[in-house]
Amino acid sequence: MSTNETQLPANFIRQIIADDRASNKHNGKVATRFPPEPNGYLHIGHAKSICLNFGTALENNGTCNLRFDDTNPEKESVEFMESIQRDVQWLGFTWDALYHASDYFEQLYEYAIQLIEQGQAYVDSLSAEQIRTYRGTLTEPGKESPDRNRSIAENLELFKRMRAGEFADGEYVLRAKIDMTSPNINMRDPAIYRIRRVHHHRTGEAWCIYPMYDYTHCISDAIEGITHSLCTLEFEDHRPLYDWVLEQLQTPCHPQQIEFARLQLEYTIVSKRKLNQLVTENHVSGWDDPRMPTLAGLRRAGFTPKAIRDFCERIGMTKQNSWIEMGVLEYCIREDLNENALRAMAVLQPLRVIITNYPDNQIESLEISNHPQRPELGKRIVPFAKVILIEQDDFAEIPPKKYKRLILGGEVRLRGSYVIKCNEVIKDAEGNISELHCTYDLDTLGKNPEGRKVRGVIHWVSEQHAHAAEVRLYSRLFSVPQPDNEANFLNALSRDSLEVLADCRVEASLSNANIDHRYQFERTGYFCLDAIDSINGKLVFNRTVTLRDGWVKD
RNA sequence: UGGGUCGUCGCCAAGCGGUAAGGCACGGGGUUUUGAUCUCCGCAUACCAAGGUUCGAAUCCUUGCGACCCAGCCA
């Protein structure tokens, strides 16, 4: 992957790291980590963090670990762990080491013993509800638990018995002893261990107490020798706690937590809980539904890793809460696909055209370039015959202003082929157009007709040579820019985010379409084969994104 | 009305006391056998507001205003 052939844009994190390296902080080393909780699929918001963490390591000749933050077994699973690894690799990154917070359970436990011995943690018997009331509010200080001054010996004893499974879930909790009057609520004696008798997907039944995020994360970072612990803004208030734990424990390494704004993309949601709800309530076909902002969904829709990486770079890195317009993501994918997608012709809503002056059984093999700007991508053979299919939209009996397609008595260029003229419109009993009778100009193959200008160019396929295909036209899942702000985000779901065209006709060369290839169906958009439903020779194409359309209809 | 953070073009975003980069979007011209691509041009006398310091302020100071986050035994 090329990360530095061009000048990378400045941002505050790059600046901090450049300064740290200049001052030889951490001996000039840079070590980051991407720490997802395996409780859902990765989405476009994670991509920002992945690119940041892995990108930072790459740019600074450092390392980046993948670490699963698996401290809450109730919500986590192996399926999610596997999908996360798949998606990180697909995005184009390789981790230096793969760890799990659960790898550190024993060390975390020992550190907790140390905190207790130092008089900085205690076992509390208050219930969850009591702890909440004791915590105080945003404007009033909390008050101390009656258990706060339990003796060290008793705390040690109780904590060991917690681990031994002698108590019921919720009966006790281990808390850090910090300051119940702190204006920062996170410092009001936060819980650091809770009793939870649940099966853990990696440690099985070995533990019935599990450490909490704030306590686990900083120690895990320290154990791995992370230098810069990059996380999102909502953890800003947790930084004092992150630092407190590491200071008490005198860990050999004290990473610097730096917070950045999480990605907010218009017309999508990136709340794992809500994405989960879309899946479980069948509003979409799964985590990999092409309308989902998950990496699995984007992949199935035809997005490329390169486009997503480019997007993550373009949106910048700051501490400002901001909303990125869909146009930016669309630009990134179009830019990549315009350069790399093979061109092909597909007629989504066919209209039959008979070329009356074309010899009945003649077939011509036309050679058409796979890419107008890149001849090295080769050419393909496209058969031409007397009966062809064009897009219904490309003919109009009553054309709008500035219409440059086919009209009765008018001419149009068939892409890579001849100029035809429409002489007659045939209608069925209901008055619907059933076919067009046209004539072709033999002298227009590969050259412009003399004495007149043909403005329009339309795509086509030969009826007898074309293959049937299903084409799925996806568009944004939500109808409002910020569905999260709705009382119920489900009400913002757009009803027509998927249009299935079951009976399209694609040019013959597409019969051996490859799952790894992207295609531009000329004049309609970028498409790729659906990885799941294109089986047994059935062709199912997903629309990744439309082509830009500069036609201002008035 | 506690604590933390943030206010630069429609949307992002550089800028670090020397006189407002860039991208997306948008508008206009050119090329084009994709109404695509490509290309050229345009697009903040102004940086949340008001004071102040300075020869000089988006940058420093003061006071306001606005937005976001925090009261899980979630991460």
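Letters A, B, ... mirror the listed sequences (proteins, then strands); counts begin at 1. Any value given below was found using the heavy atoms of this structure, including those in side chains, with hydrogens, waters and symmetry copies removed.
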Members of residues 449-459 of chain A that approach RNA chain B, where some heavy atom sits under 4.0 Å away: Val457(A)
Establish whether the base of C73(B) is bridged to the side chain of Arg175(A) by a donor-acceptor pair shorter than 3.5 Å. no
Between the base of U5(B) and the side chain of Glu236(A), is there a donor and acceptor pair under 3.5 angstrom? no
A36(B) base to Gln373(A) side chain: any donor-acceptor pair below 3.5 Å? yes
I'd like to know if Arg523(A) reaches the base of U34(B) with its side chain such that a donor and an acceptor end up less than 3.5 angstrom apart. no
Applying salt bridge (charged side-chain N to carboxylate O under 4.0 Å, His left out), can you list everything that pairs with Arg415(A), at least two apart in sequence or on another chain? Glu522(A)
Aromatic Phe395(A) / basic Arg405(A) pairing, under 6.0 angstrom, 45° off normal: no
May I ask you to list the residues of residues 331-340 of chain A, by number, that have any heavy atom positioned under 4.0 Å from an atom of RNA chain B? Tyr331(A), Asn338(A)
Tell me which pairs pass salt bridge (charged side-chain N to carboxylate O under 4.0 Å, His left out) where either residue lies in residues 212-221 of chain A, with sequence neighbours left out. Arg33(A)-Asp221(A), Arg67(A)-Asp221(A)
With Asn448(A) via side chain to side chain donor-acceptor pair (under 3.5 Å) - residues at least two apart: none
In B/S/- notation, 5' to 3', how is nucleotides 66-72 of chain B contacted by protein heavy atoms closer than 4.0 Å? --SBBBS
Just to verify, what does Asp169(A) make a salt bridge (charged side-chain N to carboxylate O under 4.0 Å, His left out) with, not counting sequence neighbours? Arg197(A)
Residue set satisfying side chain to side chain donor-acceptor pair (under 3.5 Å) with Tyr331(A), at least two apart, ordered chain then number -> Glu335(A)
Output yes if the stacking criterion (under 5.5 Å between centres, under 30° between planes) is met for Trp551(A) over the base of G35(B), else no. yes
Which part of the nucleic acid, if any, lies within reach of Gly327(A) when heavy atoms closer than 4.0 Å are counted: base, sugar-phosphate only, or nothing? sugar-phosphate
In chain order, what residues pass the side-chain contact (heavy atoms from CB on, under 4.5 Å) check against Arg21(A), with sequence neighbours excluded? Ile17(A), Val30(A), Asn60(A)
May I have all residue pairs that pass salt bridge (charged side-chain N to carboxylate O under 4.0 Å, His left out) and include part of residues 133-144 of chain A, sequence neighbours excluded? Glu144(A)-Arg148(A)
Between the base of U37(B) and the side chain of Arg548(A), is there any donor-acceptor pair under 3.5 Å? no
Would you say the base of U5(B) and the side-chain of Gln320(A) have a donor-acceptor pair closer than 3.5 Å? no
What nucleotide, of A75(B), U34(B), C12(B), holds the atom closest to the side chain of Ile324(A)? C12(B)
For Asn11(A), which contact category applies under a 4.0 Å heavy-atom criterion: base, sugar-phosphate, or nothing? sugar-phosphate
For Glu266(A), give me all partners under side chain to side chain donor-acceptor pair (under 3.5 Å), at least two apart in sequence or on another chain. none
For Asp243(A), all residues meeting salt bridge (charged side-chain N to carboxylate O under 4.0 Å, His left out), sequence neighbours excluded: none
